[in-house]
There are 2 protein chains.
Amino acid sequence: MSSPRPQDSPPTTARGRQRRDALLDAAQQLFLEHGYGQVSVNDIVGRAGGSLSTLYRHFGNKEGLFQAMVERRSHHIYGTLTDEGVDELAIEAALQRLGIDLLVKVMGEETLGIYREVVAESPRQPQLARLFFDGGPGRVRLALADYFERRVQRRLMPACDTVELAGMFLGMLLGEWHLIRVLQLKSPPSRAAIEERVTRCVDLFLHGVQGLPSR
Amino acid sequence: MSSPRPQDSPPTTARGRQRRDALLDAAQQLFLEHGYGQVSVNDIVGRAGGSLSTLYRHFGNKEGLFQAMVERRSHHIYGTLTDEGVDELAIEAALQRLGIDLLVKVMGEETLGIYREVVAESPRQPQLARLFFDGGPGRVRLALADYFERRVQRRLMPACDTVELAGMFLGMLLGEWHLIRVLQLKSPPSRAAIEERVTRCVDLFLHGVQGLPSR
DNA sequence: ACCAATGTGTAGTGTAGACTACACTATCTT
DNA sequence: AAGATAGTGTAGTCTACACTACACATTGGT
């Protein structure tokens, strides 16, 4: 008798891992392109190859597959934001680097797709919301807050609620742009446009409106 | 032969308007509570009273009903942000007032629900995205940009891209809070918490990090 | 070589739900 | 009163799709 495995547990054999990844890859592509609700499990199996039974053995149901996919991608996307040697930079440069990296990622189709699907499904799958936030945006915010905290320790910045401050900086960075891209009202910004915006954001963040250079 | 009326056109009789509103009310309640995909047209008719045929006569199909509902609500929500006499206030007070009004609205269940549903459906209904943005967030951004523009004219503020600046201020205001509420990771903030946040935002916006008072 | 775990393939089953057809009724205008 | 316009109610069609059942094939460890 084979073990029922109602929930996901990592497969032991190499072949198992391969099949599981193939299913996740297919799910990712289809869910992000057409939306969770519009893709059937049969579509996914059709693309991944293999069989429906395998899908259910691995993930239990459609939601399980979706969650596994979202977790994998959020970690991959947001986990690669570099933090190395940031303390040696002037704050302008540090924020600039983080800002550009982040905006490039966040404006990407894949990232926007995950955001849309998570927002759409979160009311029905609350665990999904946590999964995404903690593995994604929340993690970035904490990393930035940590950076601020270190600067406060070194008396380079006035003491304040660094987590909130990080949230404000990030919000300012995304601003309207995020929504506009989520709703697909404009085509993706060029690298140059991103760099300009980040520069202006950093300026505003550091010196406020009054300190803005006239242009 | 009755006119086919494939698309929505305002009903002429009082009874017509009544029925149409009842359908919109029911749609609003059900869509925002359970989500567009989880609500059937029969559910809506069941709650509104009346008949399925009427629904199709008015709105053509499920999407048409949804769009009519979103348009009505975005205008109602974002249209009531007051702008009166804002030019006579100090900028601190003006931003404070706008910020509080906006945050209160945006943190409300109804507003969050519309946001979720629009984001979820926008890939399939691009007109919906425009409808929502222009009637909602986009309109607020333009109003704020206008205010900034007037200040620039009066030499109270350095010249700059006022629309972008407005977007940044608004982004900063919502920041993490919006996502956290959209994903329902926290309960709604109190009025007092909102006021505090807005104060800090206005401070940061006007003077930058360096100008923050230590606390 | 064996046996347990794991993967495959096909063919269901049951249900939900968007949209239509149609015959009938109420109301409004002139 | 008549004809147009709008609303009602029911019943039905057609399709999509999550999930299951079951018999069989393929592995890999010991």
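Per chain, numbering begins at 1; letters A, B, ... match sequence-line order. Keep in mind that what you see is a predicted model, and the values were worked out from it rather than measured.
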Query - Set of residues satisfying side chain to side chain donor-acceptor pair (under 3.5 Å) with respect to R181(A), sequence neighbours excluded - result: E109(A)
Query raised in the report: Who passes salt bridge (charged side-chain N to carboxylate O under 4.0 Å, His left out) against D25(A), sequence neighbours left out?
Result: R72(A)
Query raised in the report: Rounded to the nearest 0.5 Å, how far does CD of Q96(B) lie from OG1 of T199(B)?
Result: 4.0 Å
**Report entry** Out of dG7(C), dG7(D), dC19(D), whichever nucleotide has its closest atom nearest the side chain of T54(A)
**Finding:** dG7(C)
Report task. For E33(A), enumerate each residue passing the salt bridge (charged side-chain N to carboxylate O under 4.0 Å, His left out) test, keeping only those at least two apart in sequence or located in another chain. Result -> none
Report summary line: Output field dot_bracket for DNA chain C (Watson-Crick or G-U, both distances under 3.5 Å, | for other-strand pairs) contains ||||||||||||||||||||||||||||||
Requested in this report: Provide, to the nearest angstrom, the distance between the CZ atom belonging to R17(A) and the P atom belonging to dG28(D).
Outcome: 11 Å
Query raised in the report: Can you tell me how far C1' of dT6(C) sits from CD of Q18(A), to the nearest Å?
Result: 13 Å
Query raised in the report: If you check every side-chain atom of R57(B), which of dT20(D), dA6(D), dA18(C) has the closest atom?
Result: dA6(D)
Requested in this report: Keeping to residues at least two apart or across chains, list the ring-ring contact (aromatic ring centres under 6.0 Å, His included) pairs with something in residues 118-144 of chain B.
Outcome: none
Query raised in the report: Residues two or more places apart in sequence or in another chain: which of them pass side chain to side chain contact (heavy atoms under 4.5 Å, CB included) with R191(A)?
Result: I100(A), V104(A), E195(A)
Query raised in the report: Taking only residues at least two apart or on different chains, which pairs with a member in residues 132-144 of chain B satisfy side chain to side chain donor-acceptor pair (under 3.5 Å)?
Result: E176(A)-R141(B), H75(B)-R139(B), R130(B)-D134(B)
Requested in this report: Sequence neighbours left out, what passes ring-ring contact (aromatic ring centres under 6.0 Å, His included) with Y115(A)? Give chain and number order.
Outcome: H178(A)
Query raised in the report: To the nearest Å, how far apart are Y56(A) OH and dT10(C) C1'?
Result: 16 Å
Requested in this report: For L55(B) and dG17(C), give me the distance from atom CG to atom P, rounded to whole Å.
Outcome: 15 Å
Report task. Output all residues satisfying ring-ring contact (aromatic ring centres under 6.0 Å, His included) with F169(B), sequence neighbours left out; order by chain, then residue number. Result -> F205(B)
Report task. Would you kindly compare R19(B) and L52(B) by the position of their nearest DNA chain D nucleotide and give the one closer to the 5′ end? Result -> R19(B)
Query - Residue H58(B), side-chain atoms from C-beta onward, closest of dT20(D), dG7(C), dG7(D) - result: dG7(D)
Query raised in the report: Can you list, by residue number, the residues of residues 28-44 of chain B that have a non-hydrogen atom closer than 4.0 angstrom to DNA chain C?
Result: V39(B), S40(B), V41(B)
Query raised in the report: Shortest non-hydrogen contact from I194(A) to L103(A)?
Result: CG2-CB, 3.8 Å
Requested in this report: Classify every nucleotide of nucleotides 22-27 of chain C by which part a protein heavy atom approaches to under 4.0 Å, writing B for the base, S for the sugar-phosphate alone and - for neither, in 5'-to-3' order.
Outcome: -----S
Query - Those residues that, when tested against S40(A), pass side chain to side chain contact (heavy atoms under 4.5 Å, CB included) (two or more places apart) - result: N42(A), D43(A)
